[in-house]
Amino acid sequence: MSTRFWCESAWVDGKVATGVLLTADETGTLTSVETGIDTPPTIAEVVPGFTLPGGVNAHSHAFHRILRGRTHGDGGTFWTWREVMYSVAAKLTPESYETVARAVFAEMLAGGYTSVGEFHYVHHAPDGTPYGGDNEESARPRGDVSARDEPRTHAMERALARAAASAGLRIRLLDTCYLTSGIDTELSAEQARFGDGTIDGYMDRHAALSEAFATEFPIGAPGESFVHVGSAIHSIRAVPAANLPRFAELDGPVHVHLSEQPAENEASQAAYGTTPTQVLARSGVVASNLSAVHATHLSDEDIATLGGAEANIVMCPCTEADLADGIGPARELADAGATISLGSDQHVVLDALRETQGMEAGERLRSGQRGRFSPAELIESLTTGGARSLDLPVGELAVGKACDFIAVATDSMRTFGSVGEQIILSATSADVHMTVSGARVRVRDGVHAELGSIPDLYREAFAALGMED
Ligand SMILES: [Zn+2]
């Protein structure tokens, strides 16, 4: 059984095409993309407006969404924001995190994304005890008898995977190594649940997770595979330089937070006598499978190193603005050979269009020039750039890719009159009227097809954290 969508206009092969007929097989994989079909066939669902490949959100911490609109009261800094974030992290259980992530992932789909790179470090119970380990009774919800037969190992990772699969969001679960609080500083009590003790502890847990997920969430055809595993180095603050070469042995995407704050650069200079980028380069991990997240405060040598290795860069402009991080050199990195992608990070907004516009806005503000990235380049950052960063078969309306797309209204008060692909600079998530993944409509007019009202999902999520008020 195949599924067909006829799109009034769509982004195909790097340009706007009209009358685009998409055909997907029963796995949700595209088997045909035809353009110039003037009349929709009766068996196809008609998709009005402008259809784009689904946005790829290459950097997310799902639970940070809970802080939105709650940290602006008295100014503060990145570091005081982080204290509030830790207080939310401390509340998470596998059960509540699944509820929270389901709401966030549903909002992500409504916001124009169909894939996510979830940079995940809340691995263990609050005291650092692994779920399903020797002390697992303490990690179980009190009085929860029904769940006793469920496997409890990797409970937090399973919670995220199940939440993504149930929402219909494709996930690359970036299993994160977090060993130290700062360079040569032990984890604090509130960070205990992030840690694996040693690099061997991380590598063993990561291998076990990859093996468990290969069975539970097997990789099949592009359209039907929703759960993928990758790895991440939290930052050069959180993983000692001596341990970094171990990440060069891993297959698949490796992500790292890089030079988001000047304080990280100062700590790196003090401990290693060089920048965080050069610490990574010396360890052999700066390669085409590496994604450097933020890359805000870089030297010219750092830009040349990342570009020369054809690394990926994940710009998170809305978060970087919210946390007063600064504006990273996206244009220079692209010119040097890096691939640019986008992430919503702590989700101050979950809007694929606004995130994309934020990168170009930052470029214009810091350079005094317009058109630093063309509309086509901005669409690539949101789609193919993210697909490369996460190594997912998405990002293009092309045969063999997953049938994942979003449809943007071209006749709203925001978008009326926009010409062709310039709509990437005028639309917002309010104009995304349909989100499809695996050839199934997941969100239509802001309502999730299976999960229902997204505000109701948040009501449930805040209640699960005891934060109703
Ligand atoms: Zn982050």
Side-chain angles (χ1 to χ4, degrees), residues 56-68 71 77-89 92 97 100-101 104-105 108 111 113 115-123 156-157 160 171-182 190-191 193-195 230-239 247 253-265 276-277 280 290-298 311-328 330 340-350 352 355 358-359 362 385-386 389-390:
V56 179
N57 188 351
H59 188 66
S60 158
H61 310 279
F63 76 92
H64 291 191
R65 161 63 182 86
I66 298 301
L67 285 97
R68 186 191 297 164
T71 64
T77 65
F78 171 90
W79 306 102
T80 57
W81 172 88
R82 198 176 68 156
E83 290 306 313
V84 185
M85 182 267 281
Y86 285 159
S87 72
V88 175
L92 297 171
Y97 204 4
V100 168
V104 176
F105 293 158
M108 218 174 267
Y113 299 107
S115 301
V116 67
E118 177 64 26
F119 197 109
H120 166 65
Y121 53 80
V122 188
H123 302 300
M156 293 298 251
E157 291 72 24
L160 287 164
I171 189 171
R172 174 72 71 180
L173 186 71
L174 298 162
D175 181 35
T176 302
C177 181
Y178 200 136
L179 301 177
T180 58
S181 181
E190 62 216 338
Q191 294 167 327
R193 64 187 316 190
F194 310 160
S231 69
I233 300 158
H234 179 275
S235 59
I236 63 106
R237 289 174 279 128
V239 180
F247 289 87
V254 176
H255 283 224
V256 60
H257 287 126
L258 183 67
S259 294
E260 179 178 6
Q261 289 279 326
E264 176 177 297
N265 288 4
T277 301
L280 294 172
L290 184 78
S291 290
V293 180
H294 303 300
T296 310
H297 302 282
L298 300 185
N312 305 285
I313 306 294
V314 189
M315 306 299 292
C316 306
C318 293
T319 287
E320 288 148 9
D322 183 67
L323 295 179
D325 290 335
I327 303 169
I340 307 297
S341 58
L342 292 159
S344 65
D345 193 4
Q346 42 88 307
H347 316 307
V348 61
V349 296
L350 266 172
E355 201 69 62
M359 180 168 73
S389 166
L390 298 181

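Residues: numbered from 1 along the sequence shown. As the structure lists them, so they are numbered: ligands from 1, and atoms in each ligand from 1.
- No close placement of the His255 and His257 rings is indicated, their centers lying 6.0 Å or farther apart.
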Take Val314 and Ser341 through the test side chain to side chain contact (heavy atoms under 4.5 Å, CB included) and record every step on the way to the result. CA-CA 5 Å; Val314 189; Ser341 58; 3.5 Å; yes

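- Annotation: protein N, O or S atoms under 2.8 Å of the Zn ion (ligand 1) (waters excluded) comprise His59 NE2, His61 NE2, His257 NE2, Asp345 OD1.
- Residues meeting the ring-ring contact (aromatic ring centres under 6.0 Å, His included) test with His297, sequence neighbours left out: none.
- Listed for the His347 side chain is a donor-acceptor partner under 3.5 Å among the backbone atoms of Asp345.
- Ring to ring, His123 and Tyr178 are not that close: their centroids are 6.0 angstrom or more apart.
- Looking at Arg172, its side chain does come within 3.5 Å of a backbone N or O of Leu390 through a donor-acceptor pair.
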